[in-house]
Amino acid sequence: MPVFGLVDVNSFFCSCEELLNPKLKGRPGVVLSNNDGMAVARNKLAKALGIGLDPFHLNKKRWDELGVYYRSSNYPFYNEMTGRVMAVLENYAPKIEVYSCDEAFLDLNGIPNLDAHAREIKQVLLQYCGLPVGVGVARTKTLAKIANKLGKASKKAQGVLVLTDPKWIDIALERTDVEDVWGVGRRWAEKLRGCRIHTAKDLRDADEKMILKRFNVVLTRTVLELRGISCLPLLSGPPMSKSIRSSLSFGHLIEDYDELRQAISAYAAHSAHKMRMEGLACTSVAVGIETNPFLRDEPQYFNGMKLPLLCPTIDTSEIIKIAVLCLEQIYREGYRYKRGDVMVDGLIPASEMQWSLLDSHDPLETESLMAVMDVLNARYGPGTLRYGAEGFRKAWKMRQNYLSSVTGPGIGSEYQQTKKIVELGTAVQLVRAL
DNA sequence: TCTGGGGTCCTAGGACCC
DNA sequence: TCTGGGGTCCTAGGACCC
């Protein structure tokens with residue numbers, strides 16, 4: 001039976017700031033967003049004062065009166081601390097899943113004294129990283145989340161809670177509002193309450209067939225997880241990104257097209273950079289812009305556009321070019337824009353770019369390759385090869401399946417499809433050689 | 001003047017093909 | 001020209017997470 005630990009840093013951003021400046025300790029505090037627009041994090045004392053993630057400019061006076069400290073966010077430093085915390089955690093489990101910047105799931109299967117182990121993790125992180133954490137332990141990830149939360153709330157538990165005793169699980173679930181269950185948001189909580197499901201215990205004891213019918217498989221898995229049946233395995237190693245987005249508010253409202261174009265170009269460059277850092281290439285680029293929805297009296301406009309690329313790219317200038325092309329299409333005069341975003345999508349490993357069968361900038365060659373595609377699509381069936389964004393990723397996935405199928409069992413229809421792709425690749429090589 | 005910045009997965013429905 | 005069933009692919013939108 002699996003055992004999961006969930007370790008998370010208490011008020012991560014604030015704890016980092018207090019680490020840099022110990023004088024802040026013991027005071028309520030918030031960390032502000034980009035442009036100092038609003039609070040994106042707050043510590044326990046601030047929460048106790050009823051401070052939410054609110055706009056800065058509307059609350060500065062009140063926060064000053066309450067003695068709240070506020071800091072601009074310092075993401076490089078938070079990243080650094082994430083790395084240190086995870087490095088320590090590696091010593092306490094054979095496998096860990098870095099779930100977010102301040103959270104990790106641990107595989108604690110086979111650990112004899114779970115409580116002592118969890119307390120040691122907490123103590124060591126405080127000692128070596130200077131950060132306070134909570135640890136929850138249970139049979140499933142969803143239950144570990146609940147254990148973590150209750151461990152923090154309980155004075156007796158001191159931030160560490162092992163939730164494996166069925167009797168205590170019952171009590172814990174009874175005390176947990178259904179909205180606080182991992183995987184249940186506001187919308188579903190509302191709908192669940194309509195079905196007379198108010199607590200985590202109600203959800204656990206609900207009829208899973210009804211949940212599947214009226215909600216979906218995701219929530220059905222949550223029900224099973226609450227019953228102690230693990231449906232969400234530990235995922236070690238970061239998954240390959242499928243899309244990367246830079247989405248930021250502009251410092252001020254932008255009316256001028258040129259200024260907008262420059263901002264979008266910068267976002268595109270940023271996305272391209274992040275993408276290359278992960279060793280990926282994109283097969284489509286999407287851009288979105290919007291006005292400020294909080295300005296009720298102003299005309300509102302939002303729009304987005306996505307363009308597939310003829311071939312995958314890692315080239316910043318090309319990504320910028322496509323992004324600006326999108327922008328030209330969606331830009332409308334007469335609005336004041338508040339934010340924009342650029343997303344690189346349909347990501348594939350840069351090392352697999354040759355799997356783009358149309359990786360030529362020569363129009364004549366591209367045309368002949370397309371002709372080959374048409375012929376082969378006619379022969380092997382439509383859709384064997386596409387040049388849309390998804391097509392590249394699918395072709396790449398198929399090849400992955402193919403590679404794993406050669407070394408193991410499981411040769412099926414995917415193998416057949418892969419074979420087509422492989423043959424197609426060969427055919428294109430042949431045409432090129434001509 | 002001033003309200004975050006990212007991501008994932010699932011599903012329904014339309015387009016298109018045979 | 002009309003008709004139908006069965007299938008896949010793609011997109012938009014809705015839900016969730018931090």
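Lettering of chains follows the sequences in order, A, B, ..., and the numbering in each one begins at 1. This one's a predicted model, so the numbers in the text were calculated from it and none came from an experiment.
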Separation of atom NZ in Lys60(A) from atom C1' in dT3(B), rounded to whole Å: 17 Å

Using ring centroids (six-membered ring only for Trp), state whether Trp182(A) and Phe105(A) fall under 6.0 Å. yes

Other residues, nucleotides and ligands only: do more than 12 of their heavy atoms fall within 6.0 Å of NE2 on His273(A)? no

Rounded distance in Å - CD (Glu290(A)) to C1' (dT3(B)): 12 Å

Identify whether any heavy atom of Leu53(A) sits under 4.0 Å from a base atom; if not, whether one sits that close to sugar-phosphate; answer base, sugar-phosphate or nothing. nothing

Take atom CZ of Arg187(A) as the centre, draw a 6.0 Å sphere, and report whether it contains more than 12 heavy atoms from other residues, nucleotides or ligands. no

Atom-to-atom span, CG of Leu32(A) to P of dT1(B) - whole angstrom: 20 Å

Please give, in whole Å, the distance from dT3(B) C1' to Met38(A) CE? 6 Å

Can you tell me how far P of dC16(C) sits from CZ of Arg187(A), to the nearest Å? 8 Å

Can you confirm whether Lys149(A) is buried at NZ, in the sense that more than 12 heavy atoms of other residues, nucleotides or ligands lie under 6.0 Å from that atom? no

Extract the stems that DNA chain C is part of, considering only consecutive pairing runs of at least three Watson-Crick or G-U wobble pairs, both distances under 3.5 Å. B:5-18 with C:5-18

May I ask whether Phe56(A) stacks on the base of dC2(B), given the cut-offs of 5.5 Å between ring centres and 30° between planes? no

Hey, is the side chain of Lys338(A) poking within less than 4.0 Å of OP1 or OP2 on dT1(B), counting only N and O atoms? no

Rounded to whole Å, CG of Leu6(A) lies from P of dC18(C) at a distance of 9 Å

I'd like to check the ring pair (Phe, Tyr, Trp, His ring centres under 6.0 Å) partners of Tyr331(A); sequence neighbours left out, ordered by chain and number. Tyr257(A), Tyr337(A)

In 5'-to-3' order, the base (B), backbone-only (S) or no-contact (-) status of each nucleotide in nucleotides 5-15 of chain B, using a 4.0 angstrom heavy-atom cut-off, is SSBSSSS----

Arg214(A) atom CZ, over 12 foreign heavy atoms within 6.0 Å: no

Which is true for Asp341(A) with a 4.0 Å heavy-atom rule: it touches a base, it touches only sugar-phosphate, or it touches nothing? nothing

I'd like the P distance from dC18(C) over to dT3(B), given in whole Å. 25 Å

By the 4.0 Å heavy-atom rule, please label Asp54(A) as base, sugar-phosphate, or nothing. nothing

What is the distance from CG of Leu232(A) to C1' of dC16(C), rounded to the nearest Å? 12 Å

When we call it a touch if two heavy atoms are under 4.0 Å apart, what does Val31(A) touch: a base, just sugar-phosphate, or nothing? nothing

Would you kindly say whether Thr291(A) and Gln300(A) are connected by a side-chain donor-acceptor distance under 3.5 Å? yes

Describe the nucleic acid contact of Lys145(A) in one word from base, sugar-phosphate, nothing, applying a heavy-atom distance below 4.0 Å. sugar-phosphate

Out of Leu192(A), Val223(A), Thr222(A), which one pairs with Val181(A) under the side-chain contact (heavy atoms from CB on, under 4.5 Å) rule? Thr222(A)

Please say whether the positively charged group of Lys191(A), taken as NZ for Lys or CZ for Arg, lies over the ring of Phe215(A), i.e. under 6.0 angstrom from the six-membered ring centre and within 45 degrees of the axis. yes

Indicate whether the side chain of Lys152(A) and that of Asn10(A) have a donor and an acceptor atom separated by less than 3.5 Å. yes

Using whole Å, what does the distance between atom C1' of nucleotide dT1(B) and atom CG of Asn59(A) come to? 16 Å

